[in-house]
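A short worksheet on the structure shown next.
Just the heavy atoms: all of them, side chains too, but no hydrogens, waters or symmetry mates, feed the values below. Heads up: numbering here begins at 1 and tracks the sequence.
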Amino acid sequence: MKVTYAPAWLSFIPPATLGLRLPLLAVLLPLFLFPPATSALAEAGDTHGAALSKHRFTTETISFALPAQPLYQALTAYAQQAGLQLFFRREQLPNIEAVEIDGAFSRRQALTRLLENSNLDFQIGDGGEGMTLVIFPSTDDKQPTPQPLTVAEAPNHLPIEETYVTGVRSTLRQSLAVKRNSNHIVDVTTSADIGQFPDRNVADALQRIPGVSVDRIWGEGRDVNIRGTDKDINRTLLNGQQVASAYWWANDNLSRGFNYSTLASQLVESLEVHKTPRADLDEGSIGGTVIVRTRKPLDLPAAELRLSLEQQYNDLAETLAPQISTLGSWKNHERTFGVLASINWQNRDSRRDGLETFADNNFYSVTDQHGQQTKDVYAVWGGGSALFQQQRTHTTGNLTLQWAPDEHWNTVLNLVDSQVDTENSNHNFLFSPGGYKLSETPPAIVTDPIFIPTDNGKKILAGGTLNNADSPGAFLDSIQRQAYIDTQVYDLDLHYRGGRWENHAQFGFTRARGGTDHDRLYRFSGDTRVHFRLDRDALETDYLDLDPQDPAALDNFSPVSRDWIRAMENREYYGQLDVHRTLESDWIQRLAFGLKLRDLQVENHLTTGTIDTESDAWKTLKNLGLDAVNGPLSPTLSTANANASTLTRYILTDPQHLQSVIHPLYAEGAMSYAYDPSAYFAIGEQSLAGYVSADFERGPWHGDIGLRVVQTRQVARAYQPDISDDPQSLPMNRVENHYRDALPNLNLRYQLNDQLMARAAVAKVMARPNFKDLTPNIIIEPTSGYGTAGNPQLDPYRADQLDLGLEWYFGNASLLSATAFFKDISTFVYPHVDLEQINGQALYITRPRNGPGANIRGLELQWQHDFAKGFGTLTNYTYTNARVPAADDSRTLNLPGNSRSQLNASIYYESEKLNGRLGYNYRSRSYGEIIAGSQSETAPYRQWDASVRWQLTPSLSMTMDAANLTGEVIKIRSASGIPQGFYQHGRRLTMGLKWQL
């Protein structure tokens with residue numbers, strides 16, 4: 001059942017866990033109530049991705065490397081390294097050489113030194129996406145105090161004929177400046193750059209970054225893989241902190257990955273992908289860490305209002321869906337207090353046409369028409385033609401309060417609330433070899449069976465005729481699902497700067513709850529023989545004794561019909577302190593240390609509605625056929641993933657008839673509800689981390705070195721299985737696990753010349769196991785006697801990594817780079833089947849265990865170039881070779897989540913009135929779990945996207961976006977050639993108007 005939480009503005013520390021957090025609060029609060037006179041506050045981690053504010057321009061220290069050169073070239077290089085926008089007229093610049101600037105300075109100090117003896121002044125203005133500086137001739141010899149200025153108010157009202165950064169090129173240059181000046185390897189994309197792509201969620205925007213790939217199983221990006229590693233061993237942070245995630249689909253489990261479908265892109269100021277760690281970055285990632293930075297009111301104009309109205313058309317669903325978003329920002333005249341509020345409302349009607357099979361690890365005996373028996377054969381439980389339709393409403397609200405009374409203090413309170421509600425209708429017309437025909441007593445004869453080998457030496461049934469015309473052979477599964485995901489973030493970020501000290505503290509709470517209010521399966525069956533054939537590109541069925549378009553042919557209501565009411569919940573409290581000290585040293589520029597405390601709790605609950613075959617209502621219900629509740633014929637399913645022998649049209653149910661005909665019988669006793677103790681698990685996890693790091697610089701050498709130490713304590717709880725007693729009285733099983741990790745890192749960059757830079761990085765990293773693998777529960781299948789279980793004693797993933805890179809910045813918005821990376825993962829998690837004693841019975845249990853590690857070797861190539869006259873390109877390619885041994889050491893497998901090749905390429909054009917982009921994304925074959933003796937594979941996938949933006953007036957623009965222009969099909973199959981899922985989502989076309997006032 002769905003639960004709505006009341007806002008918990010001050011409930012960061014609940015009474016149940018107060019004792020755990022008091023020691024940390026006792027340390028942190030005095031530092032802010034009584035700050036030292038020379039104390040200062042720095043943001044945790046890298047903050048280059050955020051837009052500049054006035055106090056950061058004046059106080060924040062960054063490294064500059066500007067050789068003596070003509071002034072106009074020096075100003076261009078300064079803007080690159082400072083990460084801001086600079087406007088000037090070249091003919092107004094004196095023909096002089098600027099002095100060399102090499103070292104750590106604030107942006108204001110560096111610019112002041114560049115303009116010495118030039119008779120030039122600068123003023124600060126708001127550039128929409130960040131700070132704008134205007135350079136102009138001085139009217140006297142005194143440097144003016146910077147005052148707010150817009151570009152239109154430049155001295156003498158002269159047009160700015162030459163601008164260093166505008167539009168697309170502005171954001172690209174800012175992103176390159178962040179990458180260039182960072183000691184560690186990081187890639188950044190900004191909010192303006194995201195807006196130029198046809199991406200309506202953050203995951204789709206991230207795929208443009210080298211080494212990042214996304215999972216599009218639901219049409220849009222939801223999960224992110226980095227450098228060949230799965231989503232569950234990479235972390236996404238919001239403003240440096242974890243965001244709780246949950247899911248709505250019945251087959252999804254709580255994971256350590258982030259569900260990007262719940263995050264509105266309007267919230268985002270910048271996206272940072274950190275590929276090598278720093279000591280002050282949270283642990284928990286093997287491939288890399290994504291940090292999402294949100295907007296802040298003091299970084300935006302004094303009174304800004306943005307409004308966007310859009311309509312999206314899905315050519316498969318043939319529906320229009322609206323989206324409305326608005327953002328307002330205000331700050332007082334002194335620019336010391338600001339408020340930002342935004343609301344994003346999105347409605348989506350989507351359709352997915354699919355061909356599916358459902359394999360498992362059970363074995364069957366197959367007897368052909370000649371009496372020849374083949375034992376220990378895999379067979380799919382079932383398979384068929386699926387039509388998935390969803391109506392989704394997504395509402396995200398964001399409120400940000402920022403207070404910066406002077407150059408020392410900066411306090412930000414950020415509140416986010418995201419609600420996703422979905423109505424799903426899923427129909428699948430099925431045949432069922434393993435679930436029905438081969439499980440009969442005796443099993444049905446299979447005429448002319450086709451067997452193909454699996455990777456472990458066994459066979460799988462891939463075709464033939466399933467006989468016995470008098471037993472169930474055809475099924476219609478109608479699933480009507482009411483699902484939801486609710487996510488909240490409450491984050492308080494405190495900074496104090498003064499002198500050479502910088503202090504930062506951050507406290508917060510995040511929670512997510514997802515699942516279903518109802519997930520009702522209605523199954524109708526009909527007796528028939530079935531001829532089927534499965535291969536890499538085909539799923540063919542022929543129902544020999546019935547017509548799938550005749551509702552009377554499915555004349556029985558199945559007793560396996562059910563209802564699931566599921567709730568998964570994820571909560572986390574966190575608090576951290578960071579203290580930095582800037583030094584006057586020939587080598588060490590800054591020392592830092594910090595503490596981080598996290599308290600995480602996840603829970604899974606399931607209430608199951610099952611058919612009561614002893615009730616009187618069941619006697620009526622079991623004789624109801626599909627013709628009592630049928631609706632129209634399905635639309636003709638996509639032929640892009642079918643052939644002439646594939647079922648592409650069949651009869652559907654009518655949801656209103658299901659309500660009026662079947663639900664009254666449920667209420668009369670045909671369905672009973674009970675809490676399912678076997679599905680319950682709860683995992684509590686506390687971690688305490690401390691770090692120390694140093695940033696150093698000497699001549700062309702720059703870098704940082706650090707050590708992060710983290711202690712993890714996990715407590716997992718689940719009900720113990722007792723197959724002989726009442727399941728309601730099962731005892732609780734509680735298991736603890738503790739481990740400690742020391743994670744050193746070293747990042748180096750060497751400036752070969754003013755354009756060429758070399759990088760090297762070494763580090764030890766770790767990632768904790770997935771929650772589902774840590775559960776102590778055991779679920780026994782009553783029909784097969786097999787069971788699945790978790791393992792709360794699992795060790796984390798641990799890896800040593802090395803990165804070597806070369807970067808050539810050969811123009812203002814141009815980069816050519818190559819980075820080689822190596823990861824040696826010392827231990828991995830594998831499913832392992834063994835005979836175990838459960839309540840005195842010997843049962844085969846599949847349980848995750850730590851096994852041999854993996855090696856990942858890869859290369860990232862990146863090319864970004866501004867061709868002038870408005871044209872440019874962004875292109876990157878990533879090669880990853882990742883192999884892992886099987887759990888039994890019998891063969892080598894591909895690393896789940898990995899693709900050998902990834903290519904992202906786009907060209908853009910921009911002028912004063914028109915911006916356009918055409919993008920191409922390619923991902924080679926990727927890999928998943930092992931089922932029925934073979935590893936799952938997703939076929940190579942390619943997608944074309946395009947976007948166009950017309951600036952109709954200074955404040956009004958029109959946008960047109962197109963995603964998946966060629967209507968590509970996602971194809972998932974086993975390595976042995978059994979199709980698992982072929983999915984077509986259709987093209988998405990979006991048109992909208994955007995106002996910025």
Side-chain angles (χ1 to χ4, degrees), residues 251 354-386 428-469 471-475 477 523 525 527-544 558 560 645-647 781-788 831 833 844 846 928-937 972-982:
N251 289 355
L355 301 175
E356 299 176 325
T357 68
F358 311 102
D360 55 35
N361 295 315
N362 294 333
F363 292 107
Y364 304 90
S365 294
V366 176
T367 303
D368 65 16
Q369 70 271 28
H370 305 296
Q372 182 175 350
Q373 188 178 64
T374 305
K375 295 183 177 181
D376 293 335
V377 173
Y378 292 112
V380 298
W381 176 94
S385 301
N428 202 340
F429 203 96
L430 298 157
F431 70 103
S432 184
Y436 283 84
K437 289 293 188 182
L438 298 181
S439 296
E440 297 174 2
T441 304
I445 300 297
V446 182
T447 302
D448 299 328
I450 300 172
F451 301 103
I452 60 176
T454 64
D455 294 347
N456 65 358
K458 301 291 186 179
K459 296 179 181 179
I460 187 169
L461 180 65
T465 299
L466 302 170
N467 288 289
N468 194 353
S471 67
F475 307 86
D477 276 3
R523 177 171 293 173
S525 65
D527 296 344
T528 183
R529 297 167 296 150
V530 184
H531 175 75
F532 75 100
R533 186 180 74 87
L534 309 175
D535 69 21
R536 294 184 62 82
D537 297 302
L539 193 161
E540 301 175 358
T541 53
D542 186 7
Y543 298 92
L544 302 178
S558 173
V560 302
S645 299
T646 301
L647 178 64
E781 296 181 14
T783 55
S784 66
Y786 288 88
T788 58
V833 181
Y844 283 99
T846 301
E929 61 182 341
I930 299 173
I931 299 178
S934 295
Q935 190 169 18
S936 176
E937 300 178 352
I972 307 170
R973 55 174 72 93
S974 70
S976 58
I978 298 296
Q980 296 174 337
F982 298 164

Note: Val530 and Gly473 closest approach over all heavy atoms is CG2-O, 3.3 Å

For Leu438 and Ser365, which heavy atoms make the closest approach, and how far apart are they?
CD2-O, 4.5 Å

In Å, rounded to the nearest 0.5 Å, how long is the span from CD of Glu937 to OG of Ser974?
7.5 Å

Tell me every residue that passes salt bridge (charged side-chain N to carboxylate O under 4.0 Å, His left out) with Arg533, counting only those two or more places apart in sequence or in another chain.
Asp535, Glu540

Who pairs with Ala932 by side-chain contact (heavy atoms from CB on, under 4.5 Å), at least two apart in sequence or on another chain?
Ala359, Tyr378, Ile460

If I compare all heavy atoms of Pro979 with all of Ala538, which pair ends up nearest, and what's the gap?
CG-O, 3.4 Å

Taken in chain and number order and not counting sequence neighbours, the residues that satisfy ring-ring contact (aromatic ring centres under 6.0 Å, His included) with Phe431 are Phe532

Set of residues satisfying side chain to side chain donor-acceptor pair (under 3.5 Å) with respect to Thr357, sequence neighbours excluded:
none

Can any side-chain N or O of Gln373 pair as donor or acceptor with the backbone N or O of Val366 at less than 3.5 Å?
no

Applying salt bridge (charged side-chain N to carboxylate O under 4.0 Å, His left out), can you list everything that pairs with Asp537, at least two apart in sequence or on another chain?
Lys971, Arg973

Hits for side chain to side chain donor-acceptor pair (under 3.5 Å) against Thr367, two or more places apart or cross-chain, chain-then-number order -> none

Minimal heavy-atom distance between Ser936 and Gln980, with the atoms involved, is OG-OE1, 2.8 Å

CG (Asn428) and CG (Asp477) are apart, to the nearest 0.5 Å, by 6.5 Å

Kindly give the heavy-atom pair with the smallest separation between Arg536 and Ala975, and that separation in Å.
NH1-O, 3.9 Å

May I have the list of side-chain donor-acceptor pairs in residues 441-453 shorter than 3.5 Å, sequence neighbours left out?
residue, atom, partner, partner atom, Å
Thr447, OG1, Asn467, ND2, 2.8
Asp448, OD1, Gln369, NE2, 2.8

Can you give me the closest heavy-atom contact between Tyr364 and Ser439, atom names plus distance?
CE2-OG, 3.9 Å

From CG (Asn456) to OG (Ser976), nearest 0.5 Å:
9.5 Å

Under a 4.5 Å cut-off applied to non-hydrogen side-chain atoms, are Asp542 and Ser645 in contact?
no

Restricting to salt bridge (charged side-chain N to carboxylate O under 4.0 Å, His left out), what partner residues turn up for Asp527, sequence neighbours left out?
none

Between Tyr543 and Leu647, does a side-chain contact (heavy atoms from CB on, under 4.5 Å) hold up when you go through it step by step?
CA-CA 10 Å; Tyr543 298 92; Leu647 178 64; 4.1 Å; yes

Under the ring-ring contact (aromatic ring centres under 6.0 Å, His included) test, residues paired with Phe358 that sit two or more places apart
none

Can a donor-acceptor pair be found, under 3.5 Å and without considering hydrogens, that links the side chain of Thr646 to the backbone of Leu539?
yes

Run the ring-ring contact (aromatic ring centres under 6.0 Å, His included) test against Phe475 and tell me which residues pass, sequence neighbours left out.
Tyr436

If a pair satisfies salt bridge (Lys or Arg N to Asp or Glu O under 4.0 Å) and one of its residues is in residues 356-378, list it, with sequence neighbours excluded.
Arg352-Glu356

Sequence neighbours left out, what passes side chain to side chain donor-acceptor pair (under 3.5 Å) with Thr465? Give chain and number order.
His531

